[in-house]
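Excluded from the calculations below are hydrogen atoms, water molecules and symmetry mates; all remaining heavy atoms, backbone and side chain alike, are included. Source: prediction; values computed, not measured.
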Amino acid sequence: QVQLVESGGGLVQAGGSLRLSCAASGRTFSSYAMGWFRQAPGKQRECVADINRSGGSTYYANSVKGRFIISRDNAKNTVYLQMSSLKPEDTSVYYCAAARGWDTTRFVQDYWGQGTQVTVSS
């Protein structure tokens, strides 16, 4: 069992930056691909970024490419999402997800965090 706890959300003006963190419990963090998803009201949950188990391969949705950076620290059991040049359309609840034994979270997610709200004002 893995517990994921997100932090770092908040209110920011357009053009600003935020860094989200997701801390995972357990001793097998490096066995999981990790991803960041978001879901706005009335919209489907989408994967905005994910990272493989070693941290050597990443994926970004086109909508965030060049603005968001995902990284992980396996020694700290933590995955990060650095968000820059934020836009009002980035407003959403952001969720951390983990997929055991996979190198992507886009197709399978075994665990989810509780979510953290990001609001970007214009």
Side-chain angles (χ1 to χ4, degrees):
Q1 187 78 8
V2 173
Q3 290 187 324
L4 304 175
V5 179
E6 300 101 334
S7 61
L11 173 64
V12 64
Q13 287 190 328
S17 299
L18 280 175
R19 188 175 84 153
L20 305 183
S21 299
C22 173
S25 64
R27 299 180 180 180
T28 59
F29 181 71
S30 60
S31 299
Y32 293 83
M34 299 298 297
W36 286 97
F37 291 68
R38 67 186 181 188
Q39 186 168 24
K43 294 190 176 181
Q44 276 194 320
R45 189 173 295 190
E46 62 169 341
C47 180
V48 296
D50 77 3
I51 189 165
N52 72 345
R53 287 171 283 179
S54 69
S57 178
T58 56
Y59 159 84
Y60 296 96
N62 287 336
S63 57
V64 307
K65 204 170 289 184
R67 301 187 297 121
F68 290 11
I69 298 174
I70 188 171
S71 61
R72 67 188 295 161
D73 186 336
N74 286 347
K76 294 183 178 180
N77 283 14
T78 303
V79 62
Y80 305 97
L81 186 67
Q82 178 67 48
M83 306 185 293
S84 303
S85 301
L86 283 161
K87 305 175 181 180
E89 51 264 44
D90 294 316
T91 295
S92 193
V93 178
Y94 284 73
Y95 298 90
C96 176
R100 182 178 176 86
W102 288 74
D103 275 327
T104 181
T105 57
R106 281 174 282 161
F107 311 114
V108 174
Q109 307 89 29
D110 294 309
Y111 300 101
W112 291 94
Q114 81 287 354
T116 186
Q117 176 71 46
V118 172
T119 303
V120 184
S121 63
S122 57

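The two residues Leu81 and Ala49 make their nearest non-hydrogen contact at CD1-CB, 4.0 Å. Contact detail for Ala14 and Ser122: the closest heavy-atom pair is CB-CA, 4.3 Å. Closest approach of Asp50 and Cys47 over heavy atoms only: CB-SG, 4.2 Å. Summarising the geometry of Glu6 relative to Tyr94, their closest heavy-atom pair is OE2-O, 4.0 Å, with the distance given to 0.1 Å. Taking all atoms of both residues into account, the shortest heavy-atom contact from Thr105 to Phe37 is O-CZ, 3.4 Å. Across all their heavy atoms, Thr91 and Ala40 have their closest contact at O-CB, 4.0 Å.
For the side-chain contact (heavy atoms from CB on, under 4.5 Å) test, residues two or more places apart in sequence or in another chain that qualify with Ser7 are Ser21. Annotation: side-chain hydrogen bond (donor to acceptor under 3.5 Å, both in side chains) contacts of Asp73 (sequence neighbours excluded): none.
A donor-acceptor contact shorter than 3.5 Å is absent between the side chain of Arg53 and the backbone of Phe29. Without hydrogens or angle criteria, Tyr60 side chain to Ile70 main chain gives a donor-acceptor distance under 3.5 Å.
In this structure the side chain of Gln39 never reaches within 4.5 angstrom of the side chain of Val93, judged on heavy atoms. When side chains are defined from C-beta on, Leu20 counts as touching Val118, because their heavy atoms get closer than 4.5 Å.
A side chain to side chain contact (heavy atoms under 4.5 Å, CB included) with Cys22 is found for one member of Val5, Asn77, Val79 and no other, namely Val79.
For Trp102 and Tyr32, the ring centers are positioned 6.0 Å apart or more.
Counting only residues at least two apart or on different chains, the salt bridge (Lys or Arg N to Asp or Glu O under 4.0 Å) pairs with a member in residues 18-42 are Arg38-Glu46, Arg38-Asp90.
Cation-pi geometry between Arg72 and Tyr80 is not satisfied (NZ or CZ under 6.0 Å from the ring centre, within 45° of the ring normal).
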